[in-house]
6 protein chains.
Amino acid sequence: MSTVNTKLERPGKALVDALAALGVATIHEAQGRKGLMATHLRPIYAGARVAGSAVTVSLPPGDNWMLHVAIEQLQDGDLLIVAPTSDCSDGYFGDLLATSAMARGCRGLVIDAGVRDVRDLTAMGFPVWSKAISAQGTVKETLGSVNVPLVCGNGYVRPGDIVVADDDGVCVVRHEEADEVLAKSLDREAREAQVRERLRTGEIGLDIYAMRERLASKGLVYR
Amino acid sequence: MSTVNTKLERPGKALVDALAALGVATIHEAQGRKGLMATHLRPIYAGARVAGSAVTVSLPPGDNWMLHVAIEQLQDGDLLIVAPTSDCSDGYFGDLLATSAMARGCRGLVIDAGVRDVRDLTAMGFPVWSKAISAQGTVKETLGSVNVPLVCGNGYVRPGDIVVADDDGVCVVRHEEADEVLAKSLDREAREAQVRERLRTGEIGLDIYAMRERLASKGLVYR
Amino acid sequence: MSTVNTKLERPGKALVDALAALGVATIHEAQGRKGLMATHLRPIYAGARVAGSAVTVSLPPGDNWMLHVAIEQLQDGDLLIVAPTSDCSDGYFGDLLATSAMARGCRGLVIDAGVRDVRDLTAMGFPVWSKAISAQGTVKETLGSVNVPLVCGNGYVRPGDIVVADDDGVCVVRHEEADEVLAKSLDREAREAQVRERLRTGEIGLDIYAMRERLASKGLVYR
Amino acid sequence: MSTVNTKLERPGKALVDALAALGVATIHEAQGRKGLMATHLRPIYAGARVAGSAVTVSLPPGDNWMLHVAIEQLQDGDLLIVAPTSDCSDGYFGDLLATSAMARGCRGLVIDAGVRDVRDLTAMGFPVWSKAISAQGTVKETLGSVNVPLVCGNGYVRPGDIVVADDDGVCVVRHEEADEVLAKSLDREAREAQVRERLRTGEIGLDIYAMRERLASKGLVYR
Amino acid sequence: MSTVNTKLERPGKALVDALAALGVATIHEAQGRKGLMATHLRPIYAGARVAGSAVTVSLPPGDNWMLHVAIEQLQDGDLLIVAPTSDCSDGYFGDLLATSAMARGCRGLVIDAGVRDVRDLTAMGFPVWSKAISAQGTVKETLGSVNVPLVCGNGYVRPGDIVVADDDGVCVVRHEEADEVLAKSLDREAREAQVRERLRTGEIGLDIYAMRERLASKGLVYR
Amino acid sequence: MSTVNTKLERPGKALVDALAALGVATIHEAQGRKGLMATHLRPIYAGARVAGSAVTVSLPPGDNWMLHVAIEQLQDGDLLIVAPTSDCSDGYFGDLLATSAMARGCRGLVIDAGVRDVRDLTAMGFPVWSKAISAQGTVKETLGSVNVPLVCGNGYVRPGDIVVADDDGVCVVRHEEADEVLAKSLDREAREAQVRERLRTGEIGLDIYAMRERLASKGLVYR
C-alpha cells in the first residue's frame, strides 16, 4: 500500500548541526563503523557538508510522482532520501524541485538514482549525492511511499534518522543513538587533533600507537 | 567499405546556437524524451554547454587514424562525434588534435572511448564528453568512416544532426526536427520560469499541477 | 612472509622532477606505451602532477596496518603505491596518515582501493589517485609487506621505480630505463611543440604526417 | 558491539516449504513487489529453488571468522544470509563450511560477496547465491554479529524472516507477513495457470486483460 | 508519439534460417564486422542459435505494457527486440509472455533489460538474450512504440531486419544486405573448413596465411 | 620492441599435472594467498580444471596477430596467457586458433579480453577463462610480444610459470616455488580431508579449531 507518514518525529536541530560539522568519516568511526551508504553515491559538486532529518521516498523506476508528494512533507532542516524500487539512473530531480525543496528549508538530496540540471543545482548551492547524472525525464503514473523505512545505497534509513553527507559519502545515524554518537565523535575529533600535531612534527604512528611489538609478534621482518 | 562523406548538409548556425543556450534537459524533454546518450559519457570539466553539427567518426578500437581524416572535414560550428566499433577506453584524442580541431572552428568532442591531455584541454577551453580519461595511445593502421550514421553512447547519430551537450549529458536532435524542437523548448522554458517563481514563494507542485485528486484516486493514503 | 625492505635504491631527484614536469601522456608514449595503470585510478582533485620514487605496500582487504609501517620507510621525494591483495574500496588513508606522510616528504598516494577525508586532503594539497572515495574505516590485524614488487591497478611496480601521475592517470617508469625515457620524452615534447604551432595556424595532420597516400592505398574513398 | 542472537523465532517449516515451491517471481509479485535483492546475486548453478529461515551474518571485508560462529546457530531449514560491512568479493565460504552447514540442515547460502570450491558445492547440491566466485581466502581476526537485522544485496533482512531463492534471484518475506503472502501467491499462481492455457491456444493479453481501450485513450496509434 | 507499425516487410524464411545455421561470429565477419550488439547481452541458457525477423519494441523503464501490444504483431519466424528508453534491469518478460509469443511463432527475445522465470523459459526452450535476470515486476501505465527503428545494446535495429543470436552474442543484418551477407558467410565457412583441416594436422597460421615476412618487416625479433 | 622469446624453461609435466589435480583454492591457500587473478576472468563452461606452463602474449587492443605467432611457440602441456595492452573485450580467439593450439598440445587459454565460437570451443573441450564473450573480430596490423612477463587480470605472470585454472578462477605459481607449493598443497588437502569427515558427522569449526576462547576475549557476546 502507498502511504505518506505525516507525523514524523524529528531530531533537534542543534544535534543535527553539530553532527554536520563533524563530517562523515568521523561520525562513521565514532558509531562503530556502521551506517555508511555505498560509494557509488557521489556529490554533484565538491565541498558540501550537510546533515538533516531524513524524509524518505520509495518510488518506482522512471517515475518521480512521489517527489511532489514528499515536498509537502519537508520541514526546515530535512534531507530528502530517495530510493527507487529497482535499479534506475533517470534524472528524477532538477532545478524546479530543488527550488521548491529549498523554499521549505530542505538541506539537500541523497538519491540512489539520477539527477539533472546539475549546473543550476550547483549555482543554487543545493547539494545532491546521486548514483548518476542524467537528463532523462520521468513519468508521474505510479505511487510509492513517503516516510517509510527503506534501503538507499545499501544503507537502511528510517524517517527521522539523521543523515550526514560530505565529499567522503553518506552516513545514517539512528535517531535514538545520535546523542551518544555526537559525544563519541567529539571525543574522537579531540584525540585526532592531538595526534595530528604530533604527526606534523615528525612522530609516526608506529610509536604513537605503540605498534612495534605487536607487529613483531605477528612475524613482521625488516630486511 | 571505408568512406568519407564530404558533402554534409549542416543546420543553420542560429538554430544551433539557440539550442545550445537551452541545454540538454530542456531539449530532451521538449522533443519527447528521445535522443539522450548514455550516462557514462561525462564532461572532462564542469560548466561547458555547447551544440554543434555532428561530424561523425566510426573507427576501430585502439586506432585513431580516422580522427586525422575527420579533422579535414570540420567546419566552423561542428561537433566531433566519435564511436569505436567495439568497447575501448584508450586516449584517442589529446591536445594536438584539439588544437587542430579548434583551428577549424570545432566546438568540442563527444567520444564513447577515452581522451587524454585533459589538463591542457581544460586550459584551452575545448570541451569533451567521454567514457574514460586515459593516457593510453593509439595506432594508425586501420580505416574507419567519417560522416556515416552511427551509434555513440547508445544513441543514434547521423552526420548533420545537431548534438547538444552540457553537465547533464549529451542529446541528439534530428536535423529535420530541430526547428520544432527549438520552438517547443522555448515554450517549455517560459512555462518553467513561471512555475519556478511560484515554487520559490512556497507554492508546491501538488497544487500547481493539481495532483491531489489523481493521487487519491490511485489510492495514496496519508497517516 | 611479511617483510619490509628497508634498503631501497632510489632514483635521483633531478630525474624524478624532470619526469614530473613532462606528464603521463608524454612519458607513456616515449617509453613505448607501457607502464600505464588502469583508468579506474582517478585523482581526488584536478590539476595535480607529481612523480616520485615508489614505496610499495601490499596489504589485506579492509586492513591498513601496513600503511603505518610504510610511513617510516618514506623519504623526501617518495610516492606511496598501495594495493590490497583482493578487491576493496575501503577508505584506507585519510588526513592523519597524509599529515604524517607529508612530514616525511612524501609527494602523494596511488591506491587501488579507497581513500577518505578528501576535503582535507585537497585543502592540504596532498594528491591521491584512487579507485574509490569511501569513509569506511579499516582494521589493524593482519600483516602485509612494504617495498616488494606488486601489481597496482593492473600495472607492475617495483620499489624504487618512478611513478608519474596527473589528470590523465598513473604511469610506471622502470628505474633503469628512466634516463632514456626522459631523453625520449623531451625529444617528443620538442617535436610536438613544433607540430602544435603548425596545427594552430590551420595545417592539418593529413599533410604534416603525409598520410594521404597510405590512406588511399588502404582503400579510403571520399564521396 | 559484536553479538550472537541465540533465541531466534523461526517460521513453521510447512510455510517455508510452501513458499519455496512457488518461486521468487510469484512471491515477489504477490507481496506487492518488495523484498527483492539486487540482481548481482546469482546462483552458482542453475535449477536450485529453496526457501529457509534467515540466519544472518554481518562480518568484515576479507574475514570469515563469524561464519564459524554462525554455523553453530543453524537449525534444520535455515538459510545463511551473509553480508560484509563493505564491498568485498573474497571467497568467504567453501566446501568445508558447506559440509558443516549441511550437517546442521542448512539449505543454502546467500552472500553479498564471493564463494569458492563451486565445483564441490555443485556436486554436493549445496546452492549458493553470490556476488562473485573467487578462490581468495579470508582471515579470522575481527568480530561481526550473527542474527542481527542487516542489508544484503540492497535488501533488508531480519533473522527469522523467510528468504526464497531461485534462478530469478533472492527475495525476503517478512516473518509476520508470510501467511498472507503464501495465500496471495497461491491465488496468483492459480490465476496465472488459467491465463497460461488461454495464451497457449492463441488468445492474447490485449484481449484477456481488455487493454485496447485504455491504450487508445492514452493515444496509441496503429499504422 | 506512440505508434505501432503493422505493415512490416519481412525477409524470406529460407534466408533467415540459412543465416541462423551460420551463427553470429561468421555472419559478423562476413558483413564487414558491423551490427554486433554489446557483450552485456547474454543468453539465459547455453546452446541456442536462432535468427528471426525483428519486431522492435521501445518502452519506458519499469513498464512492459507495450510488450502486450507487440505480441499481437508477431508472426511465425519473428524475433522480439526490446529496448527501454533508459537503463533498466527489471524483469519485463516471463513465462506467460513467452507462452503467448511461442503460440504466435516467435523464436526468441533480445532485451536490453531484465527477464524472469528463466527456469521455465529454459524448460520451454524459449531462448532469451538479456542484460539481467530479475524477478522485479513492471507496471502498465506508459506507452512506447512497436516496429520503429531503435538502438538495442548499442546496435541499431530496424523492424524487419534480421537478427541472429547464439552463445557468442547478437548481430543485426540489414534486410537489404541479407542475401549478400549469406553468400559471403557461406564462402567464409567453406574457406574456414579447409583451414581447420590443415590446422588440425599441425600446420600453423604463420605459414597458411604467409605472415612471416610481414611480421619481420614490422620489426618482430625472435630470441 | 616486439620480441618472441623462443627459449623457454618449462616446469616438469608431472609437477604441473599434480598441481592441476589440486585446484585453484587449495593451491592459492598453500602458497600464502598470492598469485590469484581477478574474478572477472570466468570459464566459458563449468567443470574444467587445468594447469600448464605459461606461454604469455602481450598484444594491442583489437589486434590478434601475435596469437598466430604464439601458436608456433606452444608445446605439449602449455597454457596460453593473453593480455591486451589496454582494456578490450573483442573476440581475439575462436575455434580455428583453438584447433591449432590443441594440435600442438596446448591445454587451454586465459585471456583478459574476449573469446568467440564458445559453442565450438565447449564441444571441443578446449577450456577458456576470459573477461568477455564476443563475436567481435580483430585485425592483424600491430606487433606485440610473446613470452615476456606481463600482467593478466591483475596478476603478474612470467613465461614458464605454472598457471592453474578451474571454476574458482585462475592462479599463478612461480616456477621456482612450484615444488614447495605442491608439497604444501598436498599437506593442506590431507588435513582438510580429516576436518571434512569431522564436520560431516556434526562437529563444528568452533570446537575443531578451538576458537571459543579467542572469540570471547575479543568481546563476542551471546544473547
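The structure presented is a predicted model; accordingly, all values stated were derived computationally and were not measured. Residue numbers start from 1 in every chain, and the chains themselves are labelled A, B, ... in the order their sequence lines are given, proteins ahead of strands.
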Considering only heavy atoms, give the residues of residues 29-49 of chain E separated from chain B by less than 4.5 Å, sorted numerically, with 'none' for an empty result. none
Spatial distance of atom CG (B/L150) from atom CG (E/N154) [nearest 0.5 Å]: 10.0 Å
CD (B/E176) with more than 12 external heavy atoms under 6.0 Å: yes
